[in-house]
Amino acid sequence: MRTALGWSAIVLVAAFLALFLLLPLGISVAQGLKPSVLSAALAHPVYQQGLINSFAIAVVSTVLAMFIAVPLAWIGARYRFVGQRWLEPLVLGPLILPPFVGAIGVAQLFGQYGSVNSALVALGLITPGNGPDWLGDHRFAAVCLLEALHLYPILYLTVAAGLTRLDGSLLEAAQLMGAGAWTRFRRIVLPLIRPGLFGGGIVVFVWSFTELGTPLILGYDRATPVQIYHGLTELGSNPLPFALVVILLVISVALYLLARLVFLKRHDALAGKHAGVWVPIALSGWRGLVAAGIVAVIVVLAVAPHAAVALIAISGSWYGTVLPESLTTRHLHDALAHPAVVPSVMNSLLYAGGATVLALVLGTFIAWVGTRWKPRGWQVLDTLAMLPLAIPGVILAFGFLVMVMSIPPLRALFDPVRDPTAILIIAYAVRRLPHVVRAGAAGLAQVPPVYEEAAASLGAGLWQRLRRITLPLIAGSLAAGALLTFSFSMLEVSDSLILAQRHDAFPITKVLFELVNILGQGPAIACAFALWAMLFLGSCLWLSSAVLGRGVTTLFRT
Amino acid sequence: MTPVSIRAVAKSYDGTTRVLDGIDLDIAAGELFFLLGGSGCGKTTLLRLVAGFITPDAGTIRFGERDVTGIPVEKRDLGMVFQNYALWPHLSVSENISFGLEMRGIATAERTRRVDEALELVELSDFGARRIAELSGGQQQRVALARAIVIKPQVLLLDEPLSNLDARLRQSMRSEIRRICKAAGVTAIYVTHDREEALSTADRIAVMAGGKLAQIGTPREVYERPASTTVATFLGEANLLTAMAHGNGMVACALGVLPAVMPERIMTGAALTVCIRPERLRISTEGTIAGTITAQSFLGGSAAWTVRCGEFDLRVDEQAPPARAIGDTVRLSVAREDVVVLRS
């Protein structure tokens, strides 16, 4: 492979990334980087407020997510208790529940005539119809809470990864010195898991900073991503959204660079050959129940919005009561019979499937180049492939649209108004490429090159080594990456809302979004549809995690 | 300085197999005491019981007059050197050493003084500001010692502290650890599987096997007067011969009838095992035992010969060995005090 063939493959992959990653970003940045546009956007009070709000959402969501994730990870890594085997996968569950679907549920729970107010009426605390308008008054809090409940699993994974690999004797040494539990946590554990905490924290921060779906559904319009989305319709006359894109991009990328710098300084506190014992403490009796209870409460809280969605999907009428008055399967039928639903599932399967294959091929190759071959300048390719992690989905989607519409040859090929299939597959794939690269690299790092060398010594050529030795050995990691790509693509929001512009080509998320906005039965059918989608994805993920174990942890590192 | 007394301590992890069984041990104040044994003998479990990381199923552990059996680790006032040092990578050398003093609420000025003193003791005075990753293995070892000793613990625990060092460094660190322990005047319990480490460094050694104490004694006692075959073989090369008590302080074995160190109350005719260390067998023309050299291994300053005496292959170590060839006949002699009768 250290030949012309290898280099041409590298050039091909690099060209692909240049065209479908750098170019769309470049075009939108070039438009927004004009000083006049930039200063006009920054001076605009509505946009100022949007930026401040988005930043505040990110800060509050990240802090909330930390308060949820760190204790959970600590309990999970340090103790063994009843029901842990069942609760631990559930802890990760919220990650696959699309938060904008949860937003529909939140609206039901906290609406003026929703469950919470109905419960207050039942308790005699308020009179019917005079309850507080929770959502109207607290849209900001609702957005933050939903984001935190959606994203805490990312932090949980990075923190738990750090905790389980922490050398237990470091804590024993502190204990011997007379440090109590809290001191040990504060002085030893916290500093040592800081890379994971920081790395995961940045992912959560950028994610919630740039999230489009949740504020959009909850009607929280004064947030930058929503403003960019609404600005798409008037791009010809108003260039300010371009400036917002630049600002969002600069902040996100800067944060990722910061995270990478911090990671470079990480301490090697991981368990080595003679590492001390880190035996989880078995909690029996009431202690075990308390631990299980804490985890269960958080899981229930995180799942509540989606549970509400599921309830709406099967309830006959739910208005002014704590729980629905009657149950029905009508909406579930209606959802499947709705003319837009089945085609959108087929579309999403096509887009997500195509994107998974594309990301798998590109990602495996890039991972292999970076871990095995390492030709001069391989870091460029690696950085390029990891870049989408730092780039908000709404910005990439925005860039794709602007690029395709403004370059005639590309428009001829990819015009989303005509057929968004190709551009959506590419957009999904580019967006999730980092997960596959990380997964592949993690797999390759665990496979000593000596296995391949042994095969080579027995006369196996490159292709045979790859097919017979390397790929089977890293299949688990690749499958984890592929799975993540597929599930995220199935429920991708930004690209889907922005790039799918023809009704019969809508993916699941765009149909959901349209349904929610239809008065009458629309939201109920949307919920029923969402329930189907979640069931489908949940079984996908459950199946794969049963097959793969806990290999997903590595995929969220920056 | 605090004596340690361990009484009837037992420990089992799964409820059935005893990892430790009825351990009784008294360690004198200021003593450098070794727990020596192979893997799985229970020495590490015993150390972790003394530390308090695990609690015994039965028995008591006392530091001086104080019963610490139920006292949590952080209240026991111990220093410990871990096998992998367990130095906190996010703190500097000085910060690592100073941590225990901080936990004891010692004022900053006093802390600085004592950290400097400890650094001086381990000869790392200029290294206070370094990060742990910038130190060599031997230096990390010294920092780990300094961190454990600076708090002037009642008892110092060392868990295979030299196993991560290369052979040359290990040798020099042995005497270094002994010097530092004695200078600090601390009671120390040292776990190792390395017999040379134990023999060269210990005040006393407890040899452990199968969760029990096989023998306790000074290095010379356990080496020269092993109480059992387990102890004899664990502490060095040993020729073990089945024998019979012959009366009048003599034993009959494959080498003939030899004078031996007999324990009391051995009946004539009783079946015994005798142990003769290879270096105690002397090749000389006056020897009474005849044999033929069947294998040799030249080691420079010494040689290890395999000498066939009748049916038995003896190992014989000879200092400054002359040239001998396989097939040479030799005569061997051994002194009475070097023929040790073991309990069967």
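Quick note: numbers below take in every heavy atom, side chains included, and nothing from hydrogens, waters or symmetry partners. Computed from a predicted structure; not experimentally measured.
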[atom1] of [X] to [atom2] of [Y]: how many Å apart, nearest 0.5 Å?
X: A/Thr183; Y: B/Met103; atom1: OG1; atom2: CE; value: 5.0 Å
X: A/Glu172; Y: B/Glu74; atom1: CD; atom2: CD; value: 11.5 Å
X: B/Asn96; Y: A/Leu170; atom1: CG; atom2: CG; value: 9.0 Å
X: A/Leu192; Y: B/Leu91; atom1: CG; atom2: CG; value: 8.0 Å
X: A/Leu176; Y: B/Ile151; atom1: CG; atom2: CD1; value: 7.5 Å
X: A/Leu171; Y: B/Trp88; atom1: CG; atom2: CH2; value: 9.5 Å

Q.
Applying side-chain contact (heavy atoms from CB on, under 4.5 Å) to B/Glu102 and A/Met177, what does each step give before you reach the verdict?
A. CA-CA 9 Å; B/Glu102 259 177 81; A/Met177 298 288 156; over 6 Å; no
Tell me whether the count of non-hydrogen atoms from other residues, nucleotides or ligands lying under 6.0 Å of [atom1] in [X] goes above 12.
X: A/Arg287; atom1: CZ; result: no
X: B/Glu65; atom1: CD; result: no
X: B/Lys182; atom1: NZ; result: yes
X: B/Phe127; atom1: CZ; result: yes
X: A/Phe67; atom1: CZ; result: no

Check each atom of [X] against the heavy atoms of chain A and say whether the ones under 4.5 Å are side chain, backbone, both or neither.
X: B/Ala144; value: neither
X: B/Glu160; value: neither
X: B/Leu87; value: backbone
X: B/Arg104; value: side chain

Q. Looking only at heavy atoms, which two atoms of B/Ala86 and A/Ser169 are closest? And how far apart?
A.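 Closest approach of B/Ala86 to A/Ser169, heavy atoms only: CB-OG, 3.2 Å.
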**Q.** Per-residue contact mode, A/Arg187 against chain B (heavy atom under 4.5 angstrom)
**A.** both
Q: May I ask you to test the A/Ile188-B/His90 pair for a side-chain heavy-atom distance under 4.5 Å?
A: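 They are in side-chain contact.
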Q: Hey, could you give me each pair passing side-chain hydrogen bond (donor to acceptor under 3.5 Å, both in side chains) that has a residue in residues 114-130 of chain B? Not counting sequence neighbours.
A: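 Every pair satisfying side-chain hydrogen bond (donor to acceptor under 3.5 Å, both in side chains) with a residue in residues 114-130 of chain B: B/Arg113-B/Glu117.
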